[in-house]
Undergrad: 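Let me give you the structure first, and then I'll get to my questions.
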Amino acid sequence: MAGNWKMHLDAASAAALAREVANRVSRAHHCDVAVMPAHPLLPAVARVLDGSSVGYGSQDISAEEEGAFTGEVSARMLLSLGCTYTLVGHSERRENHLETDSLVHLKTARALQAGLIPVVCVGEKLAEREAGQTLHRVETQVTTALKDLGDGISRVVLAYEPVWAIGTGLTATPAQAEEVHEFIRSVVGSLYGAAVADGMRILYGGSVKPDNAATLMAEKDVDGALVGGASLTAESFAGIVNYGD
Ligand code: 13P
């Protein structure tokens, strides 16, 4: 269960939110819990979360190892701050920063090489869904992002986030989510075999809230949630993490 804090908060409010999240999810043993603050907030969040059950990671990572890449953040920098995870290929990066499927692949490989767990985001836009291209689009994204990852594949987490459901209040129905999750697992299976596919954690993202988390999580191939807006208060994020209570 991961909270993507996007470009919200500041050092003090991020630390306070992290503290409250850690308190509210400390008894959640059914899943891993992580938050993804913006890069400059990571040290403040790390100070609070180190030693707790809540992990943390970044919202993006450079595909490059090091060098003259102004504004970019390297895997090594993230590791030195204690990150376990990094989001890769979030739709807002694809849309606003023109990230391509092949760049998403390079970032995924870079994260794995450095020892970070990449949470690789895929999902179709509304026009693609309406044109009946959802599975085709997702297949291309998954196949490109995950090619030639070797043993690292077992550490990859996927997140299916239909773009039309992000921040809109429109959630995919559990059946719509399950259709794509099941398909993604089959694509991973054809690339890396059934054991890898069965072990892969596939998160759903897009307007997940405490009141819809349980029905989404009840689906066979929905293993967790990547939460945006509802991760910005500890009460609602914990309500999602603890959906079974
Ligand atoms: P919302 O939960 O605000 O729809 O955002 C989802 C998301 O983009 C998480 O990465």
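All ligand and atom numbering here is 1-based and tracks the order in the structure. Values below: all heavy atoms of this structure, side chains included; hydrogens, waters and symmetry mates excluded.
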Undergrad: Knowing that exactly one of L216, V227, D211 qualifies, which makes a side-chain contact (heavy atoms from CB on, under 4.5 Å) with I240?
TA: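 So, applying the side-chain contact (heavy atoms from CB on, under 4.5 Å) to I240 and each of L216, V227, D211, only V227 qualifies.
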Undergrad: Only one of E64, E65, E99, E72 clears salt bridge (Lys or Arg N to Asp or Glu O under 4.0 Å) with K107; which?
TA: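 When salt bridge (Lys or Arg N to Asp or Glu O under 4.0 Å) is applied between K107 and each of E64, E65, E99, E72, only E99 qualifies.
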Undergrad: Give, for atom OH of Y243 and atom CE of M217, the distance between the pair rounded to the nearest 0.5 Å.
TA: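 Between atom OH of Y243 and atom CE of M217 there are 6.5 Å.
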Undergrad: Do Y204 and L226 touch side chain to side chain, with heavy atoms closer than 4.5 Å?
TA: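 A side-chain contact under 4.5 Å is absent here.
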Undergrad: Are R185 and D198 ion-paired here, with the side-chain N under 4.0 Å from a carboxylate O?
TA: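 No salt bridge links R185 with D198.
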Undergrad: I'd like the atom pairs linking ligand 1 to the protein - N or O on both sides, separation under 3.5 Å - with distances to 0.1 Å.
TA:
from     : atom 1 : to   : atom 2 : distance (Å)
ligand 1 : 2 (O)  : S207 : N      : 3.4
ligand 1 : 2 (O)  : G228 : N      : 2.9
ligand 1 : 3 (O)  : G229 : N      : 2.8
ligand 1 : 4 (O)  : G167 : N      : 2.6
ligand 1 : 4 (O)  : S207 : N      : 2.8
ligand 1 : 5 (O)  : K6   : NZ     : 3.3
ligand 1 : 8 (O)  : K6   : NZ     : 2.8
ligand 1 : 8 (O)  : H90  : NE2    : 2.8
ligand 1 : 10 (O) : N4   : ND2    : 3.0
ligand 1 : 10 (O) : H90  : NE2    : 2.9
ligand 1 : 10 (O) : E161 : OE1    : 3.2
ligand 1 : 10 (O) : E161 : OE2    : 3.0

Undergrad: Do F237 and E20 have side-chain heavy atoms sitting under 4.5 Å apart?
TA: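 The answer is no; the side chains never approach within 4.5 Å.
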